[in-house]
Trainee: 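Here's a structure for you.
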Amino acid sequence: MAKAGLWIVLLMFSTILISQIGLVDMKAFATESSSEPELTLSGPSGTISEGYFRLQFTGADRTRDVVIEQGGDDSFETIRAEFSPMGDFDQIALSGFPDGTFYFRAREGDNFSETVTVTVQHYPLWQALGLFAAGAILFFLLAWTLIRAHRNRNKEASHG
Amino acid sequence: MDEQVAGFALNSTLGLSIVVVFGILWVCFGYYLGRSNKTHEDFALAGRNVGFAFAAATAMATWVTSNTTLVAPELTYQFGIWGMIGYSFAALGLIFFAPLSARIRELLPHGYTSGDFIRLRYGVWAWRIFIVISMVYAMGWLISLGMAGGILLQALSGLDYHIGMSAILLICVTYTLFGGLKAVIATDFIQALIIIIGVVLVAVLLLVNTGLEPIHEQLSVEHPQLLSLLFPAAIMFLFNNIFFGLGEIFHSNVWWSRALAFKRKVAFRAFLVGGLLWLPIPIVTGFVALAAPSLGIFPASPDMVGPSVAAHVLGTFGAVIVFIVVFSALASSLDSLLAATSDLVTRDLYHKHLKPNATDTQLFSMNRRVIIGLGFITWLFCLPQIATLGALLNFTGAFVASTIWPVVLGLYKQRLTGTAAAWAMAAGTLCGLVSYFVVGFYVAALVSCAVSGVITWFGLRFSQTDFDWAQLNEKEGV
């Protein structure tokens with residue numbers, strides 16, 4: 001058992017090391033071979049029913065310089081909001097959007113990606129409230145069953 | 001672009017150093033406590049003698065997990081106010097388990113696992129389905145915890161996900177291996193204190209440094225749905241989360257092993273107090289996610305939002321606190337789950353099916369092998385970051401919610417048969433999975449529980465047999 005444990009521990013440690021070495025090499029490779037690829041932005045396909053989604057970009061020279069812009073419309077004459085991705089990540093998660101169509105593009109300096117259109121259409125409220133009511137009934141049925149069974153059991157125990 | 005927003009609150013060396021220092025502390029503590037484990041019962045159930053303070057602390061600390069510290073902010077970021085409040089309702093799982101724990105202690109004075117109960121109460125078919133559900137859940141939770149460790153370090157310090165995940169898994173496997181349930185419960189006590197103090201500190205500092213008004217203003221304009229009480233997906237999520245929490249606790253050996261390890265009169269109060277202590281924690285951890293947009297923080301993945309916001313607002317000092325709190329929360333759950341799942345495999349699969357005549361020494365040894373094996377399998381599954389924590393956890397909701405009615409009615413009603421319980425769990429899980437893929441993760445547990453409930457009640461209504469409770473009092477053969 002001790003031997004098996006030792007091997008597993010060694011394997012885990014070696015993966016940590018490989019992962020770290022691999023990370024360094026990949027960064028070096030990326031620096032050497034970057035040749036100004038095109039900045040692209042991708043988003044969710046289809047209609048979003050929950051108001052949250054992710055946007056991902058590729059082809060940036062320096063990920064920290066990329067900003068995701070939200071346009072007032074697809075012409076981007078007015079910029080409604082700007083979102084800066086965290087750290088070196090090449091994607092952002094956005095949430096809390098109401099029903100509607102939203103336009104996004106990535107910008108790095110004067111370099112822009114194509115526009116990504118996201119359509120949000122929340123579930124109908126009747127459907128949500130129907131499930132809420134079903135959940136509430138089921139929950140109170142469970143609570144009632146549990147409390148009643150516990151009280152009956154306590155009564156039985158106290159009677160002998 | 002604001003450099004501070006883009007950067008990380010800690011450098012990766014500091015992040016890894018904290019993990020190593022705390023890791024060494026937990027491992028030494030586990031080793032120290034494990035020296036007094038003489039029998040398999042000592043190792044697996046801490047001698048069935050855990051007092052109230054440790055019992056309440058372990059109930060609370062184990063339930064404060066990646067769910068609370070990472071997924072509560074994730075769901076708040078996605079579902080707004082309802083995400084935060086809905087998540088805190090998972091406390092109902094602990095509170096409702098209080099009466100069940102007293103009943104479990106009464107019916108199974110010599111029991112070891114939740115699998116013991118299902119096998120003795122419902123027979124082999126229901127037990128097989130239950131074991132599948134338990135193992136899917138345990139692996140899902142273990143993987144989510146391992147992933148959470150990697151995500152935490154990555155969000156706070158930029159450290160590679162695989163390094164953080166491997167380091168945290170390694171530490172938890174090691175100290176659980178040395179100390180068994182006794183070490184798990186003792187470290188939970190310390191971790192519970194760290195979690196409560198840390199969470200309160202973060203909340204106070206966030207309110208002082210940022211205030212409510214700017215957060216509300218930003219959300220109202222740019223992300224109005226997060227403040228809406230009529231957010232459809234969030235409304236659907238509310239009761240689903242309650243049933244997910246109930247299913248997790250009612251079926252899982254993590255909680256059954258605690259009910260069986262606590263002193264006889266302690267279990268009820270411990271779970272009740274643990275639940276009440278836990279209730280406000282997701283509100284606090286979830287609230288920090290609402291501050292993200294106004295601070296210009298847009299995480300790569302929603303499960304990173306909690307630690308990222310807290311670390312940004314509170315600076316390096318705050319990031320260290322957040323880091324220690326979340327690391328403690330992860331460790332307290334990971335060790336509990338490793339211990340409880342290894343008990344389930346050792347007891348239910350190895351002892352009851354493969355080697356009924358196993359000696360105490362063999363069980364002891366097998367238990368430790370299983371801990372190592374589980375740690376290794378978890379690590380393998382964690383390597384590809386396949387889903388967000390919330391999505392992964394809620395996938396298991398389809399499984400666990402199907403056990404709620406069979407467990408509750410099985411503990412109190414003599415007439416429910418094994419066939420009805422088996423059908424209820426199987427059909428509930430299948431329907432839950434269909435709804436998970438067709439509608440979304442926020443309905444899976446609700447559908448699973450509803451289908452299982454209907455079948456269970458029909459089974460109860462038309463059953464002609466009475467189960468003899470004495471059959472649950474199985475004496476040990478070794």
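Values below: all heavy atoms of this structure, side chains included; hydrogens, waters and symmetry mates excluded. So that the names make sense, note that chain A is the first sequence line, chain B the second, and so on, each numbered from 1.
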Trainee: Relative to each other, are the rings of A:F104 and A:F97 parallel, tilted or perpendicular (30° and 60° limits)?
Mentor: perpendicular
Trainee: Quick check: does any side chain N or O of A:D99 sit under 3.5 Å from a backbone N or O of A:H122, one acting as donor and the other as acceptor?
Mentor: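 Side chain of A:D99 to backbone of A:H122: a pair is present.
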Trainee: Select, from A:P124, A:A149, A:G135, the one with the greatest count of heavy-atom pairs under 4.5 Å involving chain B.
Mentor: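 Sorted descending by pairs with chain B, the first entry is A:G135.
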Trainee: Would you give the length of the straight line joining atom CG of A:D90 to atom CD of A:Q56, rounded to the nearest 0.5 angstrom?
Mentor: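 Here the rounded value is 5.0 Å.
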Trainee: Enumerate by number any residue of residues 40-52 of chain A whose heavy atoms lie under 4.5 Å from heavy atoms of chain B; in the absence of such residues, state 'none'.
Mentor: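 Near chain B, by residue number: A:S49, A:E50, A:Y52.
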Trainee: Please classify the contact of B:L92 with chain A as side chain, backbone, both or neither, using a heavy-atom distance under 4.5 Å.
Mentor: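 Contact with chain A involves the side chain of B:L92 alone.
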Trainee: Taking all non-hydrogen atoms of both residues into account, name the closest pair between B:G86 and B:L238 and its distance.
Mentor: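 Scanning both residues, the minimum pair turns out to be CA-CD1, 3.4 Å.
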Trainee: Answer with side chain, backbone, both or neither: which region of B:V407 has an atom nearer than 4.5 Å to a non-hydrogen atom of chain A?
Mentor: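 No part of it gets close to chain A.
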Trainee: Which atoms form the tightest heavy-atom contact between A:R80 and B:E222, and what is the distance?
Mentor: O-OE2, 3.7 Å
Trainee: Side chain, backbone, both or neither: which part of B:L219 has a heavy atom under 4.5 Å from chain A?
Mentor: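 Neither part.
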Trainee: Side chain from CB out, backbone as N, CA, C, O: work out which of these in B:V221 comes under 4.5 Å of a heavy atom of chain A, or both, or neither.
Mentor: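 Contact with chain A involves the backbone of B:V221 alone.
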Trainee: Side chain, backbone, both or neither: which part of B:L446 has an atom under 4.5 Å from a heavy atom of chain A?
Mentor: both
Trainee: Considering all heavy atoms of both residues, which atom of B:A445 and which atom of B:N240 are nearest to each other, and what is their separation?
Mentor: N-OD1, 2.8 Å
Trainee: For the residue pair B:V309 and B:P73, establish whether any side-chain heavy-atom pair is separated by less than 4.5 Å.
Mentor: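 They are not in side-chain contact.
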Trainee: Contact part of B:L411 toward chain A, heavy-atom cut-off under 4.5 Å: side chain, backbone, both or neither?
Mentor: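 Contact with chain A: none, neither part.
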Trainee: Has the side chain of B:S448 got a donor or acceptor atom that lies under 3.5 Å from a matching backbone atom of B:G428?
Mentor: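 At least one qualifying donor-acceptor pair exists.
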Trainee: Hey, which of B:F239, B:Y77, B:F96 has the most heavy atom pairs under 4.5 Å with chain A?
Mentor: B:F239
Trainee: Take B:T456 and B:I404 through the test side chain to side chain contact (heavy atoms under 4.5 Å, CB included) and record every step on the way to the result.
Mentor: CA-CA 10 Å; B:T456 310; B:I404 295 173; over 6 Å; no
Trainee: What part of B:F268 gets closer than 4.5 Å to chain A, counting heavy atoms only: side chain, backbone, both or neither?
Mentor: side chain
Trainee: Let's test your reading of the structure: which of A:A128, A:A81, A:S95 forms the most heavy-atom pairs below 4.5 Å with chain B?
Mentor: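 Greatest number of close heavy-atom pairs with chain B: A:S95.
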Trainee: Could you list the residues that satisfy side-chain contact (heavy atoms from CB on, under 4.5 Å) with B:A234, not counting sequence neighbours?
Mentor: B:F79, B:W82, B:F231
Trainee: Is the closest side-chain heavy-atom distance between A:R107 and A:F76 below 4.5 Å?
Mentor: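 Contact flag for A:R107/A:F76 side chains = no.
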